Novice: 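So that we are looking at the same thing, I have put the structure below in structure tokens.
The structure displayed is predicted, hence computed values, not measured ones. Numbering of ligands and ligand atoms starts at 1, following listing order. The analysis underlying the following values was restricted to heavy atoms, covering all of them including side chains, and did not include hydrogens, waters or symmetry mates.
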Amino acid sequence: MTEHKELLTWVREVKEMCQPDKVVWIDGSDEQRRALLAEACKTGEFIELNREKLPGCYYHRSALNDVARTEGLTYVCTSSEEDAGPTNNWMAPEEARDKATAIFAGSMRGRTMYVIPFSMGPIGSPFSKIGVEVTDSIYVVINMLIMTRAGNAVLDQLGTDGKFTRCLHGKAELDLKKRLILHFPEDNTIWSVGSGYGGNALLGKKCLSLRIAGYLARQEGWMAEHMLILGIQHPDGQIDYIAGAFPSACGKTNLAMLVPPDALAKKGYKVWTIGDDIAWMRVGPDGRLWACNPETGFFGVVPGTGSKSNPNALKTLQRNSLYTNTAYCPDDQSVWWEGCDGPPPANLLDWRGEPWHPGMVDEHGKKLHGAHPNSRFTAPAAQCPSISPHWEDPQGVPISAIVFGARRERLAPLVYQCFNWQHAVYVAATMVSERTAAAEGKRGEIRHDPMAMLPFCGYNMADYFQHWLDMGKRITHRPKIFRVNWFRTDDDDNFLWPGFGENLRVLLWCLERCHGHAGAIKTPIGYIPTYDSMHWDGLDFSRDTFGDLHAMYIEDWLEEQALNRQFLAQFGSRLPHELWYEHAARDHRLRGED
Ligand code: GTP
Ligand code: SPV
Ligand code: MN
């Protein structure tokens, strides 16, 4: 199996602590995967879905208290609290280990412990990172087999002394009071206990590929970002690649799988998907920024996925996929969710397993959902109709533009271009978004979410800003940077912008700005498009509404400036002075003083 001494020793130590009945190494074979699926169906952890309609698909319901990431229980455990910074929860490494050990101790009695060697990025690529996740959850194993490259080939790559991230996961009692998601960046170790939910439990994802990888990336001179990657093919066949950072449940999966509106498709525009959640980016020998997707699957938001909003996602998840916390129809073993194509079938069970029909309310009169708002699909990326032929290229794809998007009903216009890299770092660092169902907490409440990385930065956010500034100096051919917002509403709360496929029009404007030939107007916050600089083929969109989408209310921006000042101030002297410079410069521009 393996002669990697450090790995064998670690697995033995974990076994002694958790006391599983047996240990099974995940080899990556189809045979083993099938056996695990059969076992999960026997215990009720999985339900096999209709073999004709949804071949190879399974349904899983989580515990009621385990439906989203728990940011309040997620910690960065560096030896100094300063190194975690004011935006992370911090716990001293020793205390964290003691607390978690008490929960892990004996927690796998009567269970099997699975050992999953996995690679983030193609196996053997110099840019990939290897992890080994130990878990007592078959659900985690099956997810990891979709989301990562896992099995014996990774052990071979690891050899007898390769480096790997130790990823320990246990369900324990799935008790909120005994749940901890702990990162030990100085030790290249992750401990997660008490949750089976995606971002808490699939440790290759946010824990390794963003928090730990981000920590390493800063030391090694690259970037680990919460970004989608897509390619836009122009009518002449040229392809431009764009990376986009949006907070959780704010549109990355949808944008990554964008289907061009008919009129633009007819002209020859085409969109290619590379990744929908995580981008690892490096400076290439040509001085450009190159991005790759370290994952092999999509762990996407289910509600709202329909043939209008995201037909590519819908096609991707027709086979070999997992559905977690959607509604379930026992009559024909199918799944249903809000925003899917058809009406709900009779005899539906909601995500909790209770009989459900539309219009149901709880005892407080609050609407009950059939599918949990954060119900998720896990689907192989290779099955996506728009997947790019380059999605597994080890060196990645060259990035022409970066877009930062967040969810704002007001203030943020549809799109604006930043003046330069340093200005863009300020714009991204002070990005504000409304909370979504992807994490526990009050939905709709606004908060600063710098670079869409607030919950995912594994070290002091001020140092992360500095890293962004430093990277800008190292990239000789810098991507142009834009801020977008698909979510601006009118006074009746209707979205002003149709979004989804129509977002291509905004991306085309961005790319034409990169190539230097689209019209724009300079404003205090950046360059906004003129109506006539946009492609409107096939869309009847009024000049007035376009104006509303970009309307600037100076008073509101000055209020926002006050919030930004407060946000930046919490980093004290660790904050790069360039950000204060940009803050003051925007203030001056807003007051008409420049
Ligand atoms: P994570 O997987 O949590 O990181 O999220 P994500 O950024 O991939 O989010 P996703 O694409 O799944 O978007 C989720 C929500 O955004 C759904 O409710 C979508 O309907 C909504 N959404 C996505 N794109 C648009 C858009 O262009 N306009 C509007 N109005 N809503 C959108
Ligand atoms: C997110 O919350 O940003 C996700 C889902 O992409 S999770 O895997 O839970 O992080
Ligand atoms: Mn995400």
Novice: Quiz question: by atom type and distance under 3.5 Å, do the side chains of Arg211 and Thr74 form a donor-acceptor pair?
Specialist: no
Novice: Answer yes or no for Lys252 and Phe246: cation-pi contact, defined as NZ/CZ to six-membered ring centre under 6.0 Å and angle to ring axis within 45°.
Specialist: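 Judged by the rule, Lys252 and Phe246 form no cation-pi pair.
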Novice: Atom CG of Asn254 and atom CG of Asp276: how far apart are they, to the nearest 0.5 Å?
Specialist: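 Between Asn254 CG and Asp276 CG, I get 9.5 Å after rounding to 0.5 Å.
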Novice: With rounding to the nearest 0.5 angstrom, report the CG to OG1 distance, Leu496 to Thr545.
Specialist: 7.0 Å
Novice: Should the pair Asp556-Arg410 be classified as a salt bridge under the 4.0 Å nitrogen-to-oxygen rule?
Specialist: no
Novice: Protein N/O/S atoms under 2.8 Å of the Mn ion (ligand 3)?
Specialist: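 Sorted hits: Lys206 NZ, His226 NE2, Asp277 OD1.
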Novice: Ring centroids only, cut at 6.0 angstrom: are Phe541 and Trp497 within range, meaning strictly under it?
Specialist: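 Centroid separation for Phe541 and Trp497: below 6.0 Å.
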Novice: Identify all pairs of nitrogen or oxygen atoms, one from ligand 2 and one from the protein, separated by less than 3.5 Å, and list them with distances.
Specialist:
residue	atom	partner	partner atom	Å
ligand 2	2 (O)	Arg69	NE	3.0
ligand 2	2 (O)	Arg69	NH2	3.1
ligand 2	2 (O)	Ser248	OG	3.1
ligand 2	3 (O)	Lys206	NZ	2.8
ligand 2	3 (O)	His226	NE2	3.3
ligand 2	3 (O)	Ser248	OG	2.5
ligand 2	6 (O)	Lys206	NZ	2.6
ligand 2	6 (O)	Asp277	OD1	3.3
ligand 2	6 (O)	Asp277	OD2	3.4
ligand 2	8 (O)	Gly199	N	3.2
ligand 2	9 (O)	Tyr197	OH	3.0
ligand 2	9 (O)	Gly199	N	2.9
ligand 2	10 (O)	Arg69	NE	3.3
ligand 2	10 (O)	Lys206	NZ	2.8

Novice: Output the distance between atom CG (Asn320) and atom OG1 (Thr378), rounded to the nearest 0.5 Å.
Specialist: 12.0 Å
Novice: Taking the basic N atoms (NZ, or NE/NH1/NH2) and the acidic carboxylate oxygens, is any pair closer than 4.0 Å for Glu295 and Lys205?
Specialist: yes
Novice: May I ask you to decide whether Arg149 forms a salt bridge with Glu392, counting only side-chain N to carboxylate O separations under 4.0 Å?
Specialist: yes
Novice: What residues come within 4.0 Å of ligand 1, counting heavy atoms only?
Specialist: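 His226, Pro247, Ser248, Ala249, Cys250, Gly251, Lys252, Thr253, Asn254, Asp277, Phe299, Val301, Arg376, Arg407, Trp486, Phe487, Phe495, Gly499, Phe500, Asn503.
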Novice: Distance from Ile274 atom CD1 to His390 atom NE2, nearest 0.5 Å?
Specialist: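 It comes to 7.5 Å.
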Novice: Only pairs at least two apart or in different chains count here, so list each salt bridge (charged side-chain N to carboxylate O under 4.0 Å, His left out) that has a residue in residues 543-552.
Specialist: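 Residue pairs with at least one partner in residues 543-552: Asp532-Arg543.
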Novice: Atom CD1 in Ile278, atom CG in Leu208: separation rounded to 0.5 Å?
Specialist: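 Rounded to the nearest 0.5 Å, the CD1-CG separation comes out at 9.0 Å.
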Novice: Name the orientation class of the two ring planes belonging to His550 and Phe546 (parallel below 30°, tilted from 30 to 60°, perpendicular beyond 60°).
Specialist: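 Ring orientation, 0 to 90° scale: tilted.
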